[in-house]
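First up is the structure itself, then whatever we jot down about it.
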Amino acid sequence: MAAFEGYVAPGFERVAEVFAAQIETGDDLGAGFAAIRNGEPIIEIWGGWRDRNKTTPWTQDTLPPVFSTSKGVSSIVVAWCVEHGFLRYEDKVADIWPEFGVHGKDQLTIAQAVSHQAGVPGFPDPIDAELWLDPPACAAAIAALAPLWTPGTASGYHPLTWGYIVGEVVARAAKRSLGSILREEICAPSHIDFHIGLPDEAHARIPEMQKPRKPGHFGEITAPRRVAFFTPWSAAKRSDPRWPRIEIPSANGHGTALAIAQLYDVFATGGEICGRRILSPNTFVQLTATRMEGPDLVLPFNLEWRSGVMGNKLLKYGPNRAASGHSGSGGSCGMGDPAARVAIGYVMNKQSEYLTGDPRAVKLIEAFYACL
């Protein structure tokens, strides 16, 4: 079996060499990588295996879960809602969702919510983890929480709760679910193979995921970190058949590397996806505006949060600070760079412990930029 299949534009062979080496050495089990430049795909490669026993090859249409890489996609849907007048970033969440405005959360804006400033990164007290699989009930429970810090004063990454907050705001404002807007208004018109709320007929394309062998390096386990990641009830049971079907805009997107690159290309082009203008220049400026910068209370990094995506403060998404991106648990990532007019997507099924900037993705991104 060849180390990879797909297309690589002349001059970018080094990227394919790095990709093939990661498959051959076992750093990757199965993976896909795609890059777009000036709106045109110039790399789409895939290789390896869907399963640990290496019986089923990874194919062009393999649909891995990309976990928090979904947040960047969901942020595009929020921006689409701003573009179409359903909401404004400066609106207060409680004006759209009154039940949310308790315990001092009444002044939190949508801009602050999407940049992880709400103060509710998880549930401090025990819940039945089944709650994560019932988005309306989970959103209601999140709305009732008291924040762990004064909302709007600091960021603290909300690994799962972010999606229930954003999903509820979009559903109430636009009268449609975030996943349906993504499907009907953005993905379907351009034949983009990305889903938040995966239809049953696509489940056979999900690969087997190999969990990290060791935990991420968080440093001291503070109260926000414990609530976000370190309680027995801090995550949904991903083996439950309901998990890919429901909409969790923070965590359960499924897509190919090309689909991620196509969607994150909105950040490279100033508002276009597959040649279609999705956002006006004004909305694009709001989407990529810095909303919070400094030490994050959950992730052990000094971060720049934009309107649902990370700024490139850590330079994990290429050499240009103007780039926007997001990584997912285990290693996937998407990014768009307006300075170079390039977008990249990377997906895989062998998860690592890195919280952001997985070395496999970084090596591929560095190889790509070296070829420009």
Side-chain angles (χ1 to χ4, degrees), residues 63 65-89 91 93-97 99-100 108-116 118 120 131-143 158-190 192-199 202 236 242-255 259-260 262-264 266-267 271 273 276 278-279 283-284 286-287 305-309 324 326 328 334:
L63 275 182
V66 300
F67 305 109
S68 287
T69 301
S70 309
K71 290 184 175 75
V73 176
S74 297
S75 75
I76 298 168
V77 179
V78 175
W80 183 92
C81 290
V82 172
E83 178 74 19
H84 290 270
F86 293 111
L87 52 81
R88 301 175 303 165
Y89 284 111
D91 288 342
V93 172
D95 287 344
I96 297 170
W97 182 9
E99 296 90 339
F100 187 86
L108 185 83
T109 66
I110 292 170
Q112 291 169 328
V114 296
S115 53
H116 300 271
V120 287
L131 184 64
W132 296 112
L133 299 172
D134 184 347
C138 193
I142 292 165
H158 291 45
L160 275 181
T161 56
W162 186 95
Y164 297 86
I165 295 168
V166 167
E168 188 71 15
V169 167
V170 167
R172 288 179 179 239
K175 310 304 181 188
R176 298 160 68 185
S177 75
L178 187 148
S180 66
I181 293 172
L182 174 65
R183 179 178 64 252
E184 296 162 10
E185 305 292 346
I186 298 174
C187 289
S190 297
I192 297 172
D193 197 4
F194 193 96
H195 314 265
I196 294 176
L198 190 66
R242 291 170 290 176
W243 188 78
R245 293 186 176 99
I246 63 176
E247 293 185 19
I248 309 175
S250 49
N252 79 333
H254 290 71
I260 291 171
Q262 289 170 322
L263 290 164
Y264 276 79
V266 76
F267 298 104
I273 293 175
R276 296 173 58 235
I278 302 297
L279 306 175
T283 305
F284 178 76
Q286 295 181 74
L287 171 61
W305 287 110
R306 297 176 180 172
S307 302
V309 287
S324 298
H326 214 295

Looking only at heavy atoms, what is the nearest atom pair of Ala139 and Trp97, with distance?
O-CZ2, 3.2 Å
Is there a donor-acceptor pair closer than 3.5 Å between any side-chain N or O of Ser190 and the backbone N or O of Cys187?
no
Applying side chain to side chain contact (heavy atoms under 4.5 Å, CB included) to Ala111 and not counting sequence neighbours gives Tyr89, Thr109, Arg291
Distance-only, no hydrogens or angles: does the Gln262 side chain make a donor-acceptor pair with backbone N or O of Ile192 under 3.5 Å?
no
Under a 3.5 Å distance rule, please check whether Ser324 uses its side chain to pair with a backbone N or O of Phe267 as donor and acceptor.
no
Please confirm whether His116 and His158 have ring centers closer than 6.0 angstrom.
yes
Shortest non-hydrogen contact from Val170 toward Ile181
CG1-CD1, 3.8 Å
Side-chain donor/acceptor of Trp80 to backbone N/O of Leu279, under 3.5 Å:
no
Partners of Ala236 by side chain to side chain contact (heavy atoms under 4.5 Å, CB included), sequence neighbours excluded?
Trp132, Leu133, Trp243
Is it true that a side-chain atom of His326 and a backbone atom of Ser68 form a donor plus acceptor pair closer than 3.5 Å?
yes
Minimal heavy-atom distance between Leu131 and Ala141, with the atoms involved, is CD2-CB, 3.8 Å
Examine distances only and state if a side-chain atom of Lys71 and a backbone atom of Val114 form a donor-acceptor pair shorter than 3.5 Å.
no
Asp91 side chain vs Leu87 backbone, donor-acceptor pair below 3.5 Å
no
Shortest non-hydrogen contact from Leu178 toward Val77:
CG-CG1, 3.7 Å
Between Ser307 (side chain) and Ala79 (backbone), is there a donor-acceptor pair under 3.5 Å?
no
Any donor and acceptor pair, going by atom type alone, linking the side chain of Ser74 with main-chain N or O of Ser250 inside 3.5 Å?
no
